[in-house]
Amino acid sequence: QDYNEQYRPQYHYTPAKNWMNDPNGLIFHEGIYHLFYQYNPGGTTWGAMSWGHATSPDLAHWDHQPVALQARGFPDNITEMFFSGTAVADISNTSGFGAGDKAPLVAMYTSYYPQAQTLPSGKSVEANQQSQSIAYSLDDGFTWTTYDEGNPVLLSPPPQYADQIREFRDPGVFWHASSSKWVAVISLAQLRKLLIYTSGDLKEWELASEFGPENAVGGVWECPSLFPLPVDGNGSMKWVAQVGLNPGGPPGTPGSGTQYFVGDFDGTTFTADPESLKQTNWLDWGPDFYAALSFSGLPDTERVDIAWMNNWKYGGVIPTDPWRSAMSIPRKLSLKTIDNAVALVQSPVLNPEPGSTQHWDSVPAGITKLDLAGKALDITLTFTKSESSYFGIIVQATADLSEQTCIGYDFTTEQLFVNRTLSGVADFDESFPGVYSAPLPSRNGTVTIRVLSDWSSVEVFGGQGEVSITAQIFPSDAAIESYLFSIDGPTRNIELAAREVHSVW
Ligand code: FRU
């Protein structure tokens, strides 16, 4: 496959062509990772929403698959679009979609109806209504049949929210073993509320509770999901609710962001821990990490997220062609107690390849050129507080440094930052250039950061992964140099492990 166009990510998922947004229906099934995603089969901007599909044996190499759910009536007379949702393996055939001993996979998604109509099920919908529907697969996720006899299975929000009929979307469905029920968390986007429904068969749904608004409410709430995670790898379980927010993302970012809450879930109600409600918990502090979703079908100890590495503020005008948007690197999630608080920690899933390690007792103030050229890099940098006030690494720089992406640490404020103000093409949207920061206390003065740089992005993980900053960049082809920088004095005790990441295509 020829994935060599300018800005084409070398190890992040992109469709060969056309527009992509949210990951959907992530499921690990029969040894294969399935990535479905919001896809426009007809062009490089949002529209004709369908579920695109790709599969992977290892979360690194992806095979494009035919569109799984194509907008009904595409291209000329679209009557239903397939908005975001999730997929589960119905191993006990609660839905009855199974055939013989073949258990179905079931996807639950939002049907968006651009025009009023009466559906095959006899149900009537208004123009621009959003309802929840299901589809099933009897060939392990490769082809799907919509449940036309019954769809939508959730026609409208509950009566007290009847006026939210156009803002009711993105079901996150999972099996809750201890109550032996399916649970779906669905967003009332404008009200910044999550509705929690339960079901025995994925067809009949009952409202169980609601959550929100809480913490960040500067934009609509979308793409919610709820999942358990063990704390510190031991037996005690907590539940995490993750929610997309658009706009109103992390401080200093221009639009979309993802927040999470840590709490408990009893099969009916999600209760956030008081500590989780003290301040907004950002899953990522950068501008380009939205609609994060985790895989179903993995053990509870192996929670892996993928997010849309773009932002609604400028997503439709980023300078890539013939595709638009990439997915984030898959990230393994865990809950760790750090400084007496439970933090969501992310670790990128990336096959290790050989690299080189370098050590400096001290790097002088100013800029030090590295023997590290290329755009697709995996870098781990450790350093200790010394006389400098800022220290870090510059990647994807031109030799004259007129283009550069600067990733560093501010010892005074103890913040990790990414500066993309000089990262290359940025004139497509006035809000694109910026500096993004995340709080990262040093450990006895020592700081570790990991940088995943690709042809049009950087993802930066701080500490053990308790913070991350994800930002797209569009540097010129000549921007392949790397440097260390140390401001206001030298920085000591530097360890740099770096390797080039090879194309997965
Ligand atoms: C989030 C979102 C979802 C919706 C989908 C439509 O990015 O707006 O709420 O289902 O995109 O493509």
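Note that the numbering runs from 1 along the sequence shown for the chain. Computed from a prediction, not measured in an experiment: that's the story for all the values here. Read the numbers this way: they start at 1 and go in the same order the structure lists the ligands and their atoms.
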Minimum heavy-atom distance between S276 and V262, given as atom pair plus value: OG-N, 2.8 Å
Shortest non-hydrogen contact from S328 toward E459: CB-OE2, 3.5 Å
Near-ring test F474/F432, centroid separation under 6.0 angstrom: yes
Part of N246 with heavy atoms under 4.0 Å of ligand 1, whether side chain, backbone, both or neither: neither
Contact atoms of ligand 1, heavy-atom distance to M49 under 4.0 Å: 12 (O)
Atoms in ligand 1 flagged as close to S84, the criterion being non-hydrogen separation under 4.0 Å: 5 (C), 10 (O)
Protein contact of atom 6 (C) of ligand 1 - nearest heavy atom, named by residue and atom, plus distance: Q38 OE1, 3.2 Å
Numbering as shown, the atoms of ligand 1 that approach Y290 to under 4.0 Å (heavy-atom distance): 1 (C), 7 (O)
Aromatic contact, Y33 with H61 (centres under 6.0 Å): no
Parallel, tilted or perpendicular, as decided by the 30° and 60° cut-offs, for the rings of F168 and Y197: tilted
Exercise: identify the closest heavy-atom pair between N21 and W46: OD1-CD1, 3.4 Å
Closest approach of any protein heavy atom to atom 8 (O) of ligand 1, naming residue and atom: E222 OE2, 3.0 Å
contact_flag D170 ligand 1 heavy-atom lt 4.0 Å: yes
Trace of the salt bridge (Lys or Arg N to Asp or Glu O under 4.0 Å) decision for E430 with K313: CA-CA 10 Å; E430 86 290 342; K313 178 69 176 65; 3.7 Å; yes
Residue portion contacting ligand 1 (non-hydrogen atoms closer than 4.0 Å) for Y112: neither
Atom 5 (C) of ligand 1 [closest protein heavy-atom partner, distance rounded to 0.1 Å]: D22 OD2, 3.5 Å
N or O contact, W308 vs ligand 1, cut-off under 3.5 Å: no
